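In what follows, a structure is listed as structure tokens, so that the remarks can point back to it.
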Amino acid sequence: MTEVVVIGAGADGLVAAHLLARAGHRVTVVEESPSPARSSGWAPWQLARELQLGDLAPAWPDPWLRAPLASGGALELWRDMARSVESIRRLRPRDAERWPRFCERMATLRALIERLYLEPPPGLVDMRFALRVRRLGRTPMEALMRILPMPVAELLDDWFESDALKGALATFAVRDLHQGPRSAGTAFRLLHYHAGSPTGVFRAPTSNLAALLRARPGINLRAAKAARIGVRDGRVANVVLEGGEELLASLVVSEAPPRRTLTELIEPGWLDPDLARAVRHIRARGVAVDLALELERPPEWTTLTIAPSLDDVERAYDDVKYGRASARPWIDVVAHGKQAQAHVQYAPGGKADRALGAKLLGAHAPPGVIRTTVMEHPHWPEGQPHHAELALDQALWMRPLPELARYRTPIGGLWLCGPAMHPAIAGVCGYNCVREILRAQ
Amino acid sequence: MKRYDVIIVGGGHNGLACAAYLARAGRKVLVLERRERVGGAAMSEEVFPGFRFSVFSYVVSLLRPEIIRELELPRHGLHILPLESTLTPLQSGDYLAQWSDHDQNRSELARHSVRDAEAYDEFGLVLHRMARAIKPLLKIAPPDPASLDPRELWHLWRLGRYFRGLAEKDLHTLWKLLTMSAADYLDEWFEGEALKGTKSASGIIGTLLGPRSPGTAYVLLHHYMGELDGVFRAWGFAKGGNGSVSAAIAAAAQAHGADIRTQAPVSKILVSGNRASGTVLDDGEELRAPIVISGADPRRTFLGLVGEQHLPDDFVAAIRRYKFRGCSAKVNLALGELPRFTCRPEPGPHLRGAISISPNVEYLERAYDDAKYGEISRRPYMDIVIPSMLDPAMAPPGKHVMSIFVQYAPYHLNGGWTDARRDQLGDTVIDTLAEYAPNLKGAILHRQVVTPADIERVVGLSEGNIFQGELTLQQMFFLRPAPAWARYRTPIHGLYQCGSGTHPGGGVMGASGRNAAMAILGARA
């Protein structure tokens, strides 16, 4: 039995903690900040089975996308393909005809992505991975090679004509990314959020994964902040909390961003200077502001996406390139009863005060808003929820750096399990990390 | 009538290189060129009396050394004059100069940032190593990764083995270069704005992308490829203009027995029973050969000369999707006197090199933003050379020619290209440049403005794209120009491609022409 300390009690930290506890380790989780009630992202059944989470419930709003139209009415995309087709038909009959084929094509690639996500990333020249891609067959394989590096704008232009459809879909490809829809590699992001979702749904689900695990016994949950990871002879020895308490540990799994774990919690000198430099260069620029809205009464919609066209999303991005908040940001609102959460993009550093929050929401505030609060995410580096921007040069074997891609660090017994790791989906990073730890033991 | 083994459509540098290699191997080759001279976009012309210009492409940076060697181009008149420096004038009145002399370069960089001067050598080493790593890929026909043909599998296996043989660190750097933006990649190395601006400019050439667009870091690498072979530098200038490159290759082809016919516009490639059988000229003349090779870009070749009725639907769809989006223009000036740059007013060695209007990354990105929405950049990026400084025969005594490469001038301009818009582009370029060299306006004797629409009309490059199609990741290697058809072959037997729209594409490189010839000789052997 090993003394394990997990730093961070988000979905990844909790998944890692419980999996290690099940493997017979004594686990203490240092909960650095209160975890949100619902975690967002795919919760694969393999994970649920291993942790015996019978009541794990991923959820999507339905319609999962609702984009109001300038001409009145709204474009609505549903889990039910026929209803989506019906809604698109009112905009462009040709797009409606193409929607099912587009969804099928993306679903073929989703299957590959899902398998890829449930294990540590393949190497860059990995023959097994290459063979698996080949087994997809010619058309999907060619589609994959073409789509991965593509700008999402080009992908959508290939298939569709309607500005409303293309604009709204593109927001999912640039969410939390310091890029616009015309930037190469954004089509990959559409697939990323498609993982674990039904065919025809490109919004990542939310689930009760973190809440279930938090409530479950078997681990020692401590509300505290880690101040330092002690290293002796190149191996972790303990975790020192703020206030000075020392937790002995021979295994430390950190959900914190790599930069914090490796350059702040570890004493300088343990890390090779080249690696330290690379860690400091991990790109993590926040670009979005989350606003909590309190509404007078439950709205008649559950989701609202305001992004009238690809050009509108691109122009919103242009502003942030020069360090300004978008004059006309794109907005995605999800409502639960009288509470709603608005994702507003772009704002540099993912920062906003109340005034900017209100200004960004501007005319798009849904009717009946009583109060707007800017949500704070102090543990996100530079305001970036993925801890490392999820762009192609920081994905798969490159995530967050090739030297760290397999969850281990050069410090013996110190592992990374946060969203900066492959595949950047809450819970799955922790799952992959523990499987690597157990394999190494 | 003479019988030919091979007809090549288009006498651009790639078509000519392909012809030279096939003729050298004993094939009877005929090259058909629409215009009155060969060279395509690599040509020189006396545009104004006494003033010669490389009207379109203007530098020799990437021409493959093996082509120079194997075709003995120096013997056929090619003489390359090195460009020794790059000057970046700044709005502040200062400048950044990069010199080929290592110590001189280092002290100039250190004048702006000691840190950058330190990092520069390592940066150069890394890019040299990467360039060396991918250099072998320029010489091969890309294998088809989905094929079950044993020969293709063999090529794939060899390619896989090659990559596995590279150091892991290099593979990761290569991946970064392929997927990152030039600006992000340079941010990891340097802090100087002028240095980053000028370096990132080489990442945007020919493609409708800005320095912050992912994928542009890869094009930086191209700049380091020419330098490898030591004999000449990445940037050189052909004596007599870029037409001399084409003329030398044409002379080599003719010396090996190839026939070249100019003013012979091909209107149609003949196809019967899924087999190419020859070409028809505009005047109706039919020329037959069992092999036809097109140097024209994929759109013109397949949707124009062949006709989609002869091609499978998937393939036609792929060619339709293939992106051109030309965005580069040229302004050629005949000057009565040398420009006097505020930052370095006296004539000097800096005028013998390139002059780059790229003061910082943001400047370039803003230029791109204008083009992204269909406008001419209000303040464009420019790459300028004064060929008469190196080769006085280009202009009358005491006078000069200046070649200005301009970006961005989008082919898909709002409202379309007209004479007024062409003049507007010319004025924008002159006004912007005059901010750095105030005597310029008074020195201009003549000016020629070449828009992407002009490039398309005159040279025949679709949408005026100087690379016969954008060099983006989804249009590279085994996807160029279409998946499954990247090996210079086409769905039509006996019809091949040899233009820049095939791997590796881009620049006056000649690799596509040479590779196509090798593929054909291999296939027939």
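In what follows, chains carry the letters A, B, and so on, assigned in the order in which the sequence lines appear, proteins first and then strands, with residues in each chain numbered from 1. Model, not experiment: these values are computed from the prediction.
- A donor-acceptor contact closer than 3.5 angstrom links the side chains of E191(B) and S113(B).
- The choice from R280(A), Q179(A), Q394(A), K321(A) that makes the most heavy-atom pairs within less than 4.5 Å of chain B is K321(A).
- If you tally non-hydrogen atom pairs under 4.5 Å between each of R320(B), K176(B), E362(B) and chain A, the highest count goes to E362(B).
- With a threshold of 4.5 angstrom between heavy atoms, R135(A) does not approach chain B through any atom at all.
- Of the residues considered (D369(B), L479(B), D187(B), L156(B)), D369(B) shows the highest number of contacts with chain A, using heavy-atom pairs under 4.5 Å.
- Chain A forms more heavy-atom pairs under 4.5 Å with one residue of L209(B), D144(B), L166(B) than with any other, namely D144(B).
- Remark: aromatic rings of H192(A) and Y117(A) are close, center separation under 6.0 Å.
- In this structure, F324(B) has its ring center no closer than 6.0 Å to that of F467(B).
- Top candidate by heavy-atom pairs under 4.5 Å with chain B, chosen from E314(A), H178(A), E403(A), R277(A), is E314(A).
- Heavy-atom distances place the side chain of R134(A), and not its backbone, under 4.5 Å from chain B.
- Only the side chain of M398(A) comes within contact range of chain B, with heavy atoms under 4.5 Å apart.
- When heavy atoms are compared at a cutoff of 4.5 Å, S147(B) approaches chain A by way of both its backbone and its side chain.
- For W175(B) and W397(A), the ring centers are positioned less than 6.0 Å apart.
- The closest donor-acceptor contact from the side chain of R325(B) to the backbone of L208(B) lies at 3.5 Å or more, if one exists at all.
- Residue E382(A) forms a salt bridge (charged side-chain N to carboxylate O under 4.0 Å, His left out) with just one option from R283(A), R260(A), R259(A), R285(A), and that option is R259(A).
- Both the backbone and the side chain of A484(B) come within less than 4.5 Å of a heavy atom of chain A.
- Both the backbone and the side chain of M150(A) come within contact range of chain B, judged by heavy atoms closer than 4.5 Å.
- Panel note: side chain Y162(B), backbone A133(B); a donor-acceptor pair is recorded below 3.5 Å.
- Side chains of S183(A) and S213(B) form no contact here, defined as non-hydrogen atoms less than 4.5 Å apart.
- Of the listed residues (E168(B), K169(B), R212(B), Q475(B)), the one with the most heavy-atom contacts under 4.5 Å to chain A is R212(B).
- Most heavy-atom pairs under 4.5 Å with chain B, from the set L392(A), D318(A), D157(A): that is D318(A).
- Note on ring orientation: taking the six-membered ring where Trp is involved, the planes of W99(A) and F160(A) are tilted (angle from 30° to 60°).
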